[in-house]
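First listed ligand is number 1; within each ligand, the first listed atom is number 1.
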Amino acid sequence: DKGIYPYYMLKEVDEQPVVIRRLVARYLTDDGQIKLGQAILDEMEAADHIYIVAAGTSYHAGLVGARMFEQWSNKPTSVYLASEFAYEQSILSQKPFFIFLSQSGETADSREVLQNVNEQGFHSLTLTNVEKSTLWREATYALPLMAGPEIAVASTKAYVAQVTLQAILAYALADANQMTFNLHEQLSEIAVAIQSIVDDKAVFEKVANQMLVPETTHSAFYIGRGADAAVALEAALKLKEISYVQAEGFAAGELKHGTLALIEEGTPVIALITQPKTAGLVRGNLSETTARGARPFTIVTKALAQTGDDYILPDVNPLLTPLVSVVPTQLLAYYTSLGRHLDVDRPRNLAKSVTVQ
Ligand code: M6R
């Protein structure tokens with residue numbers, strides 16, 4: 001039931017702090033210890049390579065998770081689009097372990113990969129929002145995303161749940177002595193941070209109406225580096241999916257290798273700047289677009305903010321920033337769809353659960 005909400009998407013965006021708290025309560029103790037079946041951890045520990053397989057928004061969550069498995073757990077990790085991996089499997093490592101990310105647990109491309117993985121005798125873990133779904137039943141292990149039913153076609157809270165649960169797994173696999181932060185505390189702070197962003201809805205409604213709703217806006221770009229590049233892909237998908245604005249998400253350094261040609265007077269370019277190592281470079285890339293007339297909007301963490309920045313995010317662990325930076329992009333997509341008088345929850349040509357290959 002949508003209750004007071006005009007659309008499920010907005011309700012689901014608002015539920016994100018609760019989803020994180022629910023995952024924290026289920027999987028972490030107060031002092032940051034992990035509550036997970038030992039068998040899953042043992043298998044992941046023994047693996048020499050993690051293969052994450054997913055589609056759409058879930059794939060974008062995987063791009064964020066892979067960074068945590070590599071940087072926190074020191075585990076080589078690759079992320080694959082299910083629709084590609086199903087028909088062109090890479091050379092696998094000696095001891096692979098597969099993670100399937102899927103809100104619905106029914107995505108046909110991911111099911112095809114899981115079937116191949118099972119035939120080859122490899123073990124897997126599905127992270128899904130739907131218990132007893134096909135990917136849940138057919139994987140070696142499965143853990144619930146606990147996001148509650150996601151009704152809007154545009155996935156929001158499932159993304160946040162997938163990133164959170166991958167963070168918990170990566171943290172569990174990490175060498176405790178190397179982890180300088182308590183994940184329980186970090187995630188609790190992030191829930192508070194997301195709440196403050198969703199309480200700022202008017203800001204995003206205004207920006208969407210100014211930059212993205214006008215019929216003269218035909219295209220938009222999201223740029224960032226590292227984890228921000230992964231969020232840029234998700235932000236662009238969300239905008240395309242529900243507002244029909246042609247949007248692209250880019251690793252900011254790639255703009256100059258071709259895409260810069262598309263920048264015209266007034267083209268919206270939204271920069272995500274949350275990664276200390278590359279913040280200056282992204283600002284440089286953004287200036288290259290504004291020099292060609294682009295209309296910039298910056299979403300920046302507090303520690304990296306400069307005078308003139310547009311939206312300031314609270315500081316969190318750099319690899320966890322996608323959990324906060326994605327929220328403004330969800331709201332920008334929502335208000336663009338609304339401003340264009342579209343059916344936010346049911347965009348044309350799309351289905352919630354994609355059961356065809
Ligand atoms: O149910 P799944 O997570 O496997 O679905 C994958 C994609 O179809 C899904 O994330 C899709 O990209 C969303 N509609 C994006 O908002």
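Between His123 and Tyr141, the ring planes lie perpendicular to each other; the angle is over 60°, past the 30° to 60° tilted range. Using cut-offs of 30° and 60° on the angle between ring planes, the pair Tyr7 and Tyr334 is perpendicular.
For ligand 1, the protein residues placed under 4.0 Å by at least one non-hydrogen atom are Ala55, Gly56, Thr57, Ser58, Ser102, Gln103, Ser104, Thr107, Val153, Ala154, Ser155, Leu237, Lys238, Glu241, Val354.
Between Phe181 and Tyr171, the ring center distance clears the sub-6.0 Å criterion.
Residues forming a ring pair (Phe, Tyr, Trp, His ring centres under 6.0 Å) with Trp136 (at least two apart in sequence, or on another chain): none. In this structure Tyr244 satisfies the ring pair (Phe, Tyr, Trp, His ring centres under 6.0 Å) test with no other residue, sequence neighbours excluded.
For residues 308-321, every residue pair satisfying the side-chain hydrogen bond (donor to acceptor under 3.5 Å, both in side chains) rule, not counting sequence neighbours, is listed here: Asp200-Tyr311, Thr274-Thr321, Gln275-Thr321, Arg283-Asp309, Thr298-Asp309, Thr298-Asp310.
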